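Okay, structure first, notes after.
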There are 2 protein chains.
Amino acid sequence: MFNRLNKCIKILGIKKKSTIKDIANVLGLTPSAVSKALNNHPRISDKTKIAVKQVAENLNYQPNHLASALRKGKSNLVGVIIPRNNSNFFSSVLENIEEVLNKEGYNIIITQSNESYKKECNNIESLLYTQVDGIIASLANETVNLEYYEKIKAKGIPLILFDRGENDLNVDYVGIDDYLSSHMIIEHLVSQKCKRIAHIAGFSHSRIYKNRISGYRDALKEYNLPIEEDLIIESNLRIEDGRRIMEGLLNLPKRPDAVYAAGDYAALGALQVLKENNINVPNDIALVGFSNEPFTSFVQPSISTIDQKSELIGKLAAEAFLNRIENPSIKTTLNKIIVDAELIVRDSSNRE
Amino acid sequence: MFNRLNKCIKILGIKKKSTIKDIANVLGLTPSAVSKALNNHPRISDKTKIAVKQVAENLNYQPNHLASALRKGKSNLVGVIIPRNNSNFFSSVLENIEEVLNKEGYNIIITQSNESYKKECNNIESLLYTQVDGIIASLANETVNLEYYEKIKAKGIPLILFDRGENDLNVDYVGIDDYLSSHMIIEHLVSQKCKRIAHIAGFSHSRIYKNRISGYRDALKEYNLPIEEDLIIESNLRIEDGRRIMEGLLNLPKRPDAVYAAGDYAALGALQVLKENNINVPNDIALVGFSNEPFTSFVQPSISTIDQKSELIGKLAAEAFLNRIENPSIKTTLNKIIVDAELIVRDSSNRE
DNA sequence: CGGTTTAGTTCAATCGTTTGAACAATTTAT
DNA sequence: ATAAATTGTTCAAACGATTGAACTAAACCG
């Protein structure tokens, strides 16, 4: 049967993929010599190395990753799990993770959870199955149960979290200081003479949104502004949430004079409602968002926001992984890298 | 040395990953029986299957993908190459490719070319190295030389192109009819009584933009409108390109009364300039973009655009791959799937 | 010239799974 | 009762690359 197959191959002129064995045959060497030559093993003569590489080129040889990964027990693949791909923040993080890891010979497998916990579990399952050497992830909003992530830790491969998931697991984390970012926003709004600042918040079960809320509260206290619970509303932070909540705020007996939304999409929804009601932004009500989505710069008025330093976060997350993989023995305490975010003041909060 | 390692493992309580061999030992079977049991081989008794699965569960067994892929000569991995990840179109296509392929047991490896030909080549290289079973790609704008893609074909694995790359290689393609889409836009603008329609075009070396240009030209002819070469300007279609070109158009002795931009970002740039010049959109100058980026719906005025049916394109691309992989022998003529795009009329071109 | 290095290579086992062939045990058909 | 078919399992050879140990020459040293 084999002979027949080979005959077919010959007749049809299909080149079967060449292996080190083929190279060995051509040169009258053993496969192991070829393997060593290709890997620049010191015990192989330069003459042989050159000859092997030449033949490899001619035969269009491509090493079989599966075989070497199996033997070496290392796939050089890193899994990345992100909630969704349509935000600028994540695509920028990805780009930078990829850049750093590619340089070190790793490839990344990107998977999206679409903010679904179930999808996230599936993703972990299939990444582990693919034998990735590590996982870099940002948790879905929905994710509360962390059993699956424990599974990764149990496997003994590095797990790095970024943006979402701080403290939730005892693993490396890279993110901005959400508490401080909120503080910066309030400080700025106060400097613009705002006195009643509402907060369109994210759900407080997610640590980052919780931190933004407490940063908001503490900053208000610091500036001796009263905390009014009706001015703090949690939501999913989509455009429609921003709209709904802004409408509610406008219907209050005493309207706020500033709105801090914990996400840019919610800020956009709020802005739409404000414009529809002919409310002057920023003079009647000032507005600040969060994330520096591209559209914040080109809507009218442009929206002040927090830049989360996605490039840096991507780079640091990748480096954290490399660190772990290179020193697996060193059970250092978990590494929490907090990057300083930047407040970008635009028209929506810049009063004359 | 091995004994020492095992001792370490025992002492430290580190569970080494369990293999079919471990399961076999527990049950007093051979690894092959276990393998067959796990794969529901008909020749294995139900009793054994149940026992094996039970033990597998207990040992927290996870099949080693590398080993099975190596043996089976199939990785169940599909590579996807996209130009950049920050557009809604691509992230939506990805989501749908993933959905269809996951169901069939495939995982996808996403790589971004960042519109760079060199990056694209690297991506192809590493995808092939990872032994993907197929590649689904949309070409970078820069890509003219297709040597690397020929390499994929030479390997004998399926290659499916979408959006960018129609006709350029003799392979399966999924995309919308750009020519017809242009035609729809012109038809609509004519119905709005526009007489001098400018075209902010993409570079005509890319087939899709070329088709949009010829669709534009032919439609003008059909409606007996003159074709003025100064009203057709090619660019990269970024916001700043749209701005620059719109400024140029406004400085013409005779301004156009409509602008059709081959990309939404360019349309946005144009819109900004129009607003800055207090030109009424759509009544003085009507505007239509292309791609249905989310922001087109929430800027003011909202921008009319073409929806490229990203969900459908993703699904069809994935299905085209599955088709090829399931019938590798059938050298059917190449499959060109053209999806009908949809014109979404919004405020920027809807005159009262 | 015998003994020790050193360079260059081959040998053989291994990674974990799959798979056709072979074998033994049991059942069914004749 | 014997042949044939069926069932359940083991055997052994792959898949392609890697790697330490072993082996053979040639080179070097005293």
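Since this is a predicted model, take the numbers as computed values, not measurements. Throughout, protein chains are lettered first and strands after them, A, B, ... in sequence-line order, and every chain is numbered starting at 1.
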Flag the pair K151(B) and E125(B) as a salt bridge only when some basic side-chain nitrogen lies within less than 4.0 angstrom of an acidic carboxylate oxygen.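 Salt bridge flag = yes for E125(B) with K151(B).
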
Below 4.0 angstrom, N of the basic side chain to O of the carboxylate: do E150(B) and K155(B) qualify?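 Result for this pair is no, no salt bridge flagged.
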
For [X] and [N], what is the distance between atoms [atom1] and [atom2] respectively, to the nearest whole Å?
| X | N | atom1 | atom2 | value |
| --- | --- | --- | --- | --- |
| I23(B) | dT9(D) | CD1 | P | 15 Å |
| D22(B) | dC15(C) | CG | C1' | 13 Å |
| K72(A) | dC15(D) | NZ | P | 21 Å |
| H41(B) | dC11(D) | NE2 | P | 17 Å |
| K21(A) | dT10(C) | NZ | P | 15 Å |
| Q131(B) | dC15(D) | CD | C1' | 11 Å |
| N40(B) | dT17(C) | CG | P | 16 Å |
| K49(B) | dT7(D) | NZ | C1' | 12 Å |

Applying a 4.0 Å non-hydrogen cut-off, can you work out what [X] is touching in the nucleic acid: base, sugar-phosphate, or nothing?
| X | result |
| --- | --- |
| P63(B) | sugar-phosphate |
| L29(A) | sugar-phosphate |
| S35(B) | base |
| S32(B) | base |

Side-chain N or O of [X] closer than 4.0 Å to phosphate OP1/OP2 of [N]:
| X | N | answer |
| --- | --- | --- |
| Y61(B) | dT17(C) | yes |
| T19(B) | dG16(C) | no |
| N39(B) | dT18(C) | yes |
| T48(A) | dG8(C) | no |
| S68(A) | dA17(D) | no |

Look at the side chain of K36(B) against the base of dT10(D) and say whether a donor-acceptor pair falls under 3.5 Å; ignore hydrogens and angles.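 Indeed there is one.
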
With the side chain counted from C-beta on, respond yes when [X] and [Y] share a heavy-atom pair under 4.5 Å apart, and no when they do not.
| X | Y | result |
| --- | --- | --- |
| V93(B) | F162(B) | yes |
| N64(A) | L70(B) | yes |
| L77(A) | H65(A) | yes |
| N122(B) | N102(A) | no |

Every protein N/O lying under 3.5 Å from an N/O of nucleotides 23-26 of chain C:
none

Do K74(B) and Y106(B) have side-chain N/O donor and acceptor atoms under 3.5 Å apart?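 Yes, side-chain donor-acceptor contact under 3.5 Å.
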
Among side-chain atoms of S35(A) and S32(A), is any donor-acceptor pair under 3.5 angstrom?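 No, no side-chain donor-acceptor pair sits under 3.5 Å.
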
I want to confirm an ordering. Mapping L70(B) and I44(B) to their closest nucleotides on DNA chain D, which one lands closer to the 5' end?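 Result: I44(B).
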
